[in-house]
Amino acid sequence: MDNIFDMTGKAVLITGASGNGLGRNFAEALAKAGATVVVAARREEPLKALADTIAASGGKAHAVKMDVTDMDSVRAGVAEAVRLTGGLDGLINNSGVVGRVPLLEQTAEAWNRIIDTNLNGVWAVGCEVARGMVERGKGGSIVNIGSLLSFRQSPGNTSYAVSKAAVVQLTQQMALEWTEHNIRVNALAPGYFETDLNRDFLRSEQGQKILKRIPMGRTGSLPELTGAMLLLLSDAGSYITGTTISVDGGHRINPV
């Protein structure tokens, strides 16, 4: 039987790939699966370093500067990704920011910063990539990154939780409207994985209390997201659209 998880010959854009978190893991895993990856973020130097690392390991990678909160930057970045690859077959909408603060102390500026990146950025990049897929006529697959907090609550994380809950609904709307173009849209909802964004929090006293509530008793390691990601992007998931897969060690179903 052919490897239905094989991504050879396909090109995938990954936003939010300049850190040492989910974006980097997705890019490296997709390159190993045969895809040409285009890593995008605002910081160019880390992107170029990642692309060079992937190339040194025998993969194919390009770096593109993109600010997902700036529509002109999104258009230019997606256009460059298409130019470099000849056309995109996949997208991982991974850009995201956090900002832990009690709701009554949160400013409008801080609220908008999180919504602009985590929700509006997913809409902007998703629509721009989908337009290109429609024009190309080959369809494709989009994976939006939600969160455990798409479904659960956490004090001080209201704007983040609201943005990620909206990503799940946006995913379903995109899937419904774009299925006629053979574009599948799904989401991943990771639980707690140690990254640059949450490392300090997870090692704090409050973070350790949260970890004790995970049924599997630990945080996830980034490679444990790879299987679900490849399922949704590859031909293995050809009949899956409009769904969200939780990868959280059972955290979403922990007892009250």
Side-chain angles (χ1 to χ4, degrees), residues 12-27 30 37-44 46-47 50 62-82 88 90-101 106-133 140-150 157-175 177-178 183-190 193 195-198 225 229 232-233 244:
V12 181
L13 172 65
I14 303 136
T15 66
S18 61
N20 292 316
L22 275 61
R24 183 185 186 94
N25 176 72
F26 291 143
L30 282 166
V37 297
V38 181
V39 290
R42 290 178 295 181
R43 297 184 295 155
E44 289 185 276
L47 288 177
L50 174 56
H62 305 281
V64 170
K65 184 176 182 179
M66 183 190 298
D67 180 351
V68 302
T69 67
D70 182 329
M71 198 64 222
D72 288 339
S73 178
V74 169
R75 292 191 184 102
V78 172
E80 178 66 2
V82 169
L88 293 171
L91 163 68
I92 300 181
N93 254 323
N94 176 67
S95 290
V97 294
V98 296
R100 191 176 180 84
V101 61
Q106 188 166 47
T107 64
E109 180 182 24
W111 174 276
N112 289 333
R113 171 179 168 267
I114 290 175
I115 298 298
D116 281 347
T117 301
N118 296 4
L119 176 58
N120 296 344
V122 170
W123 165 79
V125 181
C127 287
E128 195 65 20
V129 169
R131 288 187 187 99
M133 289 176 172
S141 179
I142 294 173
V143 176
N144 299 325
I145 303 303
S147 168
L148 169 68
L149 294 187
S150 296
N157 282 312
T158 300
S159 54
Y160 180 84
V162 168
S163 71
K164 291 300 187 178
V167 164
V168 170
Q169 180 69 348
L170 177 60
T171 296
Q172 294 172 152
Q173 288 293 134
M174 286 175 164
E177 293 200 18
W178 297 343
I183 299 172
R184 298 184 297 107
V185 189
N186 295 287
L188 285 179
F193 290 76
T195 68
D196 291 345
L197 286 176
N198 64 18
L225 284 167
M229 178 271 293
L232 297 179
L233 274 180
T244 298

- Item | Residues N118, K164; criterion side chain to side chain contact (heavy atoms under 4.5 Å, CB included); working and verdict | CA-CA 7 Å; N118 296 4; K164 291 300 187 178; 4.2 Å; yes
- Mark yes or no for whether S150, through its side chain, and G146, through its backbone, hold a donor-acceptor pair below 3.5 Å. no
- Please confirm whether the backbone N or O of N94 pairs with a side-chain atom of T15, one donor and one acceptor, at under 3.5 Å? yes
- Write down the atom of A40, the atom of M66, and the distance for their closest heavy-atom approach. CB-CB, 4.1 Å
- Item | Step-by-step side chain to side chain contact (heavy atoms under 4.5 Å, CB included) determination, W178 to C127 | CA-CA 10 Å; W178 297 343; C127 287; 4.0 Å; yes
- Item | With E177 via side-chain hydrogen bond (donor to acceptor under 3.5 Å, both in side chains) - residues at least two apart | none
- Item | Stepwise side-chain hydrogen bond (donor to acceptor under 3.5 Å, both in side chains) test for N112 and D116 | CA-CA 6 Å; N112 289 333; D116 281 347; 6.0 Å; no
- Between CD1 of I183 and CZ of R131, what distance do you get to the nearest 0.5 Å? 11.0 Å
- Message: Any heavy-atom pair between the side chains of M229 and I92 that's under 4.5 Å?
- Response: yes
- Item | Atom pair OG (S95) and CG (N120), whose distance is rounded to the nearest 0.5 Å | 12.5 Å
- Side chains of P190 and L22: does their closest heavy-atom pair fall under 4.5 Å? yes
- Task: Just jot down the side-chain hydrogen bond (donor to acceptor under 3.5 Å, both in side chains) partners of S141, sequence neighbours excluded, or say none.
- Result: none
- Query: Nearest heavy-atom pair of P46 and S18: which atoms, and what distance?
  - Reply: CB-O, 3.2 Å
- Under a 4.5 Å cut-off applied to non-hydrogen side-chain atoms, are E128 and V125 in contact? no
- Task: Using side chain to side chain contact (heavy atoms under 4.5 Å, CB included) as the criterion, point out the one residue from N186, V168, N144, L188 that pairs with T244.
- Result: V168
- Roughly how far, to the nearest 0.5 Å, is the CZ atom of R184 from the CD1 atom of I142? 10.5 Å
- CG/L47 to NZ/K65 distance, rounded to the nearest 0.5 angstrom? 10.0 Å
- Query: Would you say L13 and V129 make side-chain contact, with heavy atoms under 4.5 Å?
  - Reply: yes
- Task: Just do the side chain to side chain contact (heavy atoms under 4.5 Å, CB included) check on V143 and N93 with the steps written out, would you?
- Result: CA-CA 6 Å; V143 176; N93 254 323; over 6 Å; no
- For the residue pair V97 and T117, what are the closest heavy atoms and their distance? CG2-CB, 3.9 Å
- Task: Report yes or no: does N157 contribute a side-chain atom to a donor-acceptor pair with the main-chain N or O of Y160 at less than 3.5 Å?
- Result: no
- Note on the structure: Hits for side-chain hydrogen bond (donor to acceptor under 3.5 Å, both in side chains) against T69, two or more places apart or cross-chain, chain-then-number order -> D67
- Query: Does a donor on one side chain and an acceptor on the other come within less than 3.5 Å for T158 and Q106?
  - Reply: no
- Heavy atoms of A41 and A17 approach each other most closely as CB-N, 4.1 Å
- Message: With a 6.0 Å cut-off (strictly less than), is the heavy-atom count around CZ of R100, excluding the residue itself, greater than 12?
- Response: yes
- Message: Return the CG to OG distance between L149 and S159, rounded to the nearest 0.5 Å.
- Response: 10.5 Å
- Spatial distance of atom CH2 (W123) from atom CE (M174) [nearest 0.5 Å]: 9.0 Å
- Task: State which residue, out of I145, V39, V12, V37, fulfils the side chain to side chain contact (heavy atoms under 4.5 Å, CB included) condition with F26.
- Result: I145
